[in-house]
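Naming convention: chains lettered A, B, ... in sequence-line order (proteins, then strands); numbering from 1 in each chain.
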Amino acid sequence: MVAKLSTKVLNICIASICKSKQLGKAENVLIDGIRLGVLPDVVTYNTLIDAYCRFVSFDAGYAVLYRMNEAGINPDVISYNSLISAAARKCLLSKSLNLFDEMLQRGIHPDVWSYNILMDCLFKLGKPDEANRIFMDIVLGEFRPSPATYNVMINGLCKNGYVNNALALFRNLQRHGFIPQILTYNALINGLCKSRRMGAARRILKEFGELGYEPNAITYTTVMKCCFQCSKFEEGLEILHEMRSKGYTFDGFAYCTVIAALIKTGRIQEANEIIEQMQSNGIEPDLVSYNTLINLYCRQGKLDDALKLLDEIEKEGLECDKYTHTIIIHGLCMAGNFLGAQQHLNYMNTLGFGFNLVAVNCMLDGFGKAGHIDHALKLFEAMEVKDSFTYTILVHNLCRAGRFLSASKILVSCLKCGFKILRATQRAVIDGLISIGYTNEAKKLKSKIRMVRLLH
DNA sequence: CTAGGGTTAG
């Protein structure tokens, strides 16, 4: 009895230390506990799994599973749920699905949470139909859906472009007595803002206020990002101000939203000012904050400072992710250091990141912008995977080089593949053809574009 | 302990 109680105390202690991200300290407490005869249990290890996944890396979290085995403690459904959801958070979706199988093979029965997470994964993989099947299984099967089941559905539908279905589900559930939580509203507001349904977003926000909910940090960040997307910079910065006065800027979320928006629109000086605010407020940078900072350095051509931060990330015990590396590769390309960019791309490969289309697209754009259009074409032909960005970049750069006929050819092949291409880029090709006297070709291209639009 | 907001390319 005494030992059991002590383990409980140990768990509470470790959970609270983990919450403040002091994993080393948590490990020491664990060791001290064992020395005093207080043995960790499955909850202790589950807490550690979650903390390592959250603050270090998925692999570090997964490693705790081995430590449990060595300690003779069997993982339970929560251990696996934590890992599956951590993998999903880090976009390692095939890992999530494999873990789900691993859990079944070990004879651990999934609970409704496992299925919620599985649905979330399928939505993130862009498979709303499969997610919907799981939803039906839950609703019609042996499990009782939890409020989270509905939240995952609403969020997933929004993310996959089915905002109307999400709204319909939301209204239906309300009629059946479902009490929406703040996060239900947050998911809907985010979905509506992203699909530029500002009127509907405002109505939901109003309803939310009328129910007596106070917007939380996430609501604020969502609405703030929306302001920047609509070029309402003043309003966006006002929201940041309000968040600061309410104490909602205890982490990097709000700052990173603002800084990224400012960088995108070339407001580098203002971005630097916000970074200073963030640093003077003593916000400990997490990986995304570091990535944002590195991006800001790169935009100012301070590659050395950016690379220094790379070391700092590792000193902090964090692991650079695909964003970090892509930002560096983009920075190197913009500085004209293609050799360095290629080396970094290879380095990513040795780290096990696999093929990274965003980084290769950066290289493609870099070649084009530096005037090496033939290099760009060679790279383009060698690429096995392409997306709408790839085509837009190449067409855009061909136009810049005055090679409108090639641009037109690539544009048509892009439309044939069913990829979308920016209207402005299409316009550039047509105008370019006309400018060099190829009026007929311009006409033909226009009608081809119109045909494709009808067919899709 | 698990869902919702922030970071990369045109």
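Looking at heavy-atom distances under 4.0 Å, A:T392 makes contact with a base. Note on A:A260: only backbone sugar-phosphate atoms sit closer than 4.0 angstrom, heavy atoms only; bases stay farther off. Among the protein residues, A:S289 comes within range of the nucleic acid bases, having at least one heavy atom under 4.0 Å from a base atom. Within 4.0 Å of A:S388, counting heavy atoms only, lies at least one base atom of the nucleic acid. Within 4.0 Å (heavy atoms only), A:N190 reaches sugar-phosphate atoms of the nucleic acid but no base atom. Looking at heavy-atom distances under 4.0 Å, A:A359 makes no contact with the nucleic acid at all. Using a 4.0 Å heavy-atom cutoff across all strands shown, A:R400 reaches no nucleic acid atom at all. When heavy atoms are screened at a 4.0 angstrom cut-off, A:D387 is found touching base atoms of the nucleic acid. A:S82 comes within contact range of at least one nucleobase, with a heavy-atom separation under 4.0 Å. Contacts of A:N151 with the nucleic acid, taken as non-hydrogen atoms under 4.0 Å apart, include base atoms. At the heavy-atom level, A:N216 lies under 4.0 Å from base atoms of the strands shown. No contact: A:I84 has no heavy atom under 4.0 Å from any strand.
A search for salt bridge (Lys or Arg N to Asp or Glu O under 4.0 Å) contacts involving A:D305 returns A:K308, not counting sequence neighbours. For A:K124, the salt bridge (Lys or Arg N to Asp or Glu O under 4.0 Å) partners are A:D120, not counting sequence neighbours.
Between the base of B:dT8 and the side chain of A:T326 there is a donor-acceptor pair shorter than 3.5 Å. Side-chain N/O atoms of A:T221 and base N/O atoms of B:dG5 include a donor-acceptor pair closer than 3.5 Å. Contact annotation: side chain of A:D286 to base of B:dG6, donor-acceptor pair present below 3.5 Å.
Here B:dT8 is the nucleotide among B:dT8, B:dG6, B:dG10 with the atom lying nearest to any side-chain atom of A:R299. With distances taken from any side-chain atom of A:T222 to the nucleotides B:dT8, B:dG4, B:dG5, the minimum falls on B:dG5. Listed nucleotides B:dG4, B:dT2, B:dA9 differ in distance to A:W113; the shortest reach to its side chain belongs to B:dT2. The nucleotide whose nearest atom lies closest to any side-chain atom of A:H396 is, among B:dT2, B:dT7, B:dG10, B:dG10.
Taking 4.5 Å as the limit, every side-chain heavy atom of A:C399 sits out of range of all side-chain heavy atoms of A:T425.
Note: CG (A:N81) to P (B:dT2) measures 11 Å, nearest angstrom. Regarding A:M363, its CE atom lies at a distance of 15 Å from the C1' atom of B:dT8, rounded to whole Å. To the nearest angstrom, P of B:dG10 lies 19 Å from CD1 of A:I410. The CG atom of A:L379 sits 18 Å away from the P atom of B:dA9 (whole-angstrom rounding). Summarising the geometry, the separation between CZ on A:F228 and P on B:dG6 is reported as 13 Å, rounded to the nearest angstrom. In this structure, A:D76 atom CG and B:dT2 atom P are separated by 14 Å, rounded to whole Å. Rounded to a whole Å, the CG atom of A:L173 is 20 Å from the P atom of B:dA3. A:I327 places its CD1 atom 12 Å from the C1' atom of B:dG6, with the value rounded to the nearest Å.
Applying the 5.5 angstrom centroid cut-off and the 30 degree plane-angle cut-off, the aromatic ring of A:Y255 is not stacked upon the base of B:dG6. Here A:Y323 packs flat against the base of B:dT7; its ring centre is closer than 5.5 angstrom to the base's six-membered ring, tilted by less than 30 degrees.
For B:dG10, the OP1/OP2 oxygens have a side-chain nitrogen or oxygen of A:K369 closer than 4.0 Å. Side-chain nitrogen and oxygen atoms of A:S146 include none within less than 4.0 Å of the OP1 or OP2 phosphate oxygen of B:dA3. For the OP1/OP2 pair of B:dG4 and a distance below 4.0 Å, the side-chain nitrogens and oxygens of A:R89 include no atom meeting the criterion. OP1 or OP2 of B:dG10 has not a single side-chain nitrogen or oxygen of A:R423 nearer than 4.0 Å. Note on A:N155: every side-chain N or O is 4.0 Å or more away from OP1 and OP2 of B:dA3. Close to B:dA3, at under 4.0 Å from its OP1 or OP2, lies no side-chain N or O of A:K159. The phosphate of B:dT7 has OP1 or OP2 within less than 4.0 Å of a side-chain N or O from A:K225.
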A:Y115 and A:F100: ring-ring contact (aromatic ring centres under 6.0 Å, His included), yes or no, with the steps? CA-CA 9 Å; A:Y115 285 105; A:F100 198 90; 5.7 Å; yes
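Counting non-hydrogen atoms of other residues, nucleotides and ligands closer than 6.0 Å to CZ of A:R203 gives a total of 12 or fewer.
Under the 6.0 Å distance and 45° angle rule, A:K386 counts as a cation-pi partner of A:F380. Seen from the ring of A:F233, A:R267 counts as a face-on cation partner, given the 6.0 Å and 45° thresholds.
In summary, A:E207 and A:R171 engage in a salt bridge, as defined by a charged side-chain N under 4.0 Å from a carboxylate O.
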